[in-house]
Amino acid sequence: MKEETTESKAVSKNLKFEYDPAPESFPVEIAEKYGHFIGGEFVAPNSGKYLDSINPATGEKLFSLAVGDATDVDKAVTAATNAFENTWGKLTGTERAKYLFRVARIIQERSRELAVLETMDGGKPIKESRDVDLPLVAQHFFYNAGWADKMDYILPGKTLKPLGVCGQIIPWNFPLLMAAWKIAPALAMGNTVVLKPAEQTSLTALRLAEIFQEAELPAGTVNIVTGAGETGAAIVDHPKIKKIAFTGSTDIGKLIAKQAGKTDKKLTMELGGKSAHIVFADAAIDQAVEGAVNGIFFNQGHVCCAGSRLIVEESIKETFIRKLQARMKQIRVGNPLDKNTDLGAINSTEQLEKIKDLVEIGKTEGGKFWQVDIPLPTTGNFFAPCFFTDQSMSSTISRTEVFGPVLTISTFRTPDEAIKKANDTPYGLAAGVWSEKASKIHSVAAGLKAGVIWANTYNKFDAASPFGGYKESGYGREGGRHGLLPYVEVQ
Ligand code: NAP
Ligand code: MG
């Protein structure tokens, strides 16, 4: 009788090849509770209140974070004002650069620790926090450090002056990266900062505070006040804050714009999106499938610029969908700390419910629904990637930002139709175009109302490249030389 090999056993049982678990085991320390970081020290909140921060992959409590109120925010603004008037604000650009380079290097040295913390607190796969978030976090400090002593060259012939104390409010999808891309340009231009991370993901911002201590950044240069929406509102309301930089949902953005509009605060808004990913029939189809997967399933679809609306040329629709399904079956959903995991945990139970609700609405809207049939962990917040086809352009699922691993697919016949469909949204954050013809990519890109347009790739970021939206995706740019201008007064 023929001996049964492992391979033949797998074939006979129709088993799929599987990797062994490879959990990231770097030891990290997490305190039971954290206060605010004000004036260079961790301090207890005025209210004495704390909130639980949950690991979304296990449902277990990770630590408690302080709930900030107007008194805490006022203390932070006083510390930031002192630093602006007496220490940080008095430094030359060359001196500021030295601090920022030092911070960037410490981030690199501690990047494994930071990646593990980011994954535990937010649920994103370790390979993303390790290979995408952390290198970019360090890059934003390096890049902006390079501008600190070159303020005279940002707008030649003009004198640029810092604004003073900047209030910065960030969301939960890229916690440390959002903190870095807000704090680094503000400091490079000589401002001081009061930052509020999202209540779901404050851990790495607080670890960044420890890095600021390690780098001996003058006390009060960066202050971090944790808490929920009221804490953010207290920052927006504070009369001594000169500028608000907000990244988050369009609804909260509108609230903040209304509130700040009553004052002379400068404002930048990085808001939601429903970005179009256009694939022409002449594109390299396997790469485009990979791009589509990366565009929407990267970080569980918790990406403001996620390619959540795939628009494929009609002639390749069937082939594209078949290849996409085959690729989606290979996606590993599970323990975010496992190095083989592609899709980690949905950031919170609220977000998971929101995704499920929108998918249920989508199912009633007349299109077809397909979800990959893979086993999900039984505890924690997990959701299998899925897509809708043949739904109407006016359906809720085609128009609403889901912020989860949910794709809608529609078709086009001509480049003009592709542009019209792509622009048929209240948002305008990003877009992707796939074609082997550069001229076609350029002419389509010229018609798209989106702040970032990727050609034959998707979700690529760089500190030197400006990022921001059109329409309800916000205003102002972050990153690059453009990202420095909201942090200065031009004289
Ligand atoms: P969110 O609910 O708008 O919250 C963003 C931040 O604002 C959080 O820190 C939040 O605090 C705070 N906040 C809530 N209410 C506030 C108020 N009345 N005044 C001041 N601050 C307030 O957004 P999210 O759910 O965290 O993040 C997801 C959204 O962010 C998506 O729409 C996504 O598209 C967008 N986003 C955009 C970009 C971009 O660059 N365009 C990048 C990333 C994410 P708490 O959460 O602690 O209550
Ligand atoms: Mg958490």
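One-based numbering, in listed order, for ligands and for the atoms of each.
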Self-check item: With Lys182 via salt bridge (Lys or Arg N to Asp or Glu O under 4.0 Å) - residues at least two apart
Solution: Glu478

Quiz item: Do Asn46 and Asp69 get their side chains close enough for a donor-acceptor pair, meaning under 3.5 Å?
Solution: yes

Quiz prompt | Distance-only side-chain donor-acceptor flag, Asn347 / Gln300, under 3.5 Å | solution = no

Quiz item: Tell me, which residues have any heavy atom less than 4.0 Å from some atom of ligand 1?
Solution: Ile169, Ile170, Pro171, Trp172, Asn173, Lys196, Pro197, Ala198, Glu199, Gln200, Gly227, Ala228, Gly229, Gly232, Ala233, Phe246, Thr247, Gly248, Ser249, Ile252, Ile256, Glu270, Leu271, Gly272, Cys304, Glu401, Phe403, Leu429, Phe467

Self-check item: Lys61: partners by salt bridge (Lys or Arg N to Asp or Glu O under 4.0 Å), with sequence neighbours left out
Solution: Asp52

Quiz prompt | Lys471/Thr425 under side chain to side chain donor-acceptor pair (under 3.5 Å): CA gap, chis, key distance, verdict | solution = CA-CA 9 Å; Lys471 302 191 277 185; Thr425 165; 5.7 Å; no

Quiz item: side chain to side chain donor-acceptor pair (under 3.5 Å): which pairs involve residues 164-176, sequence neighbours left out?
Solution: Gln168-Tyr487

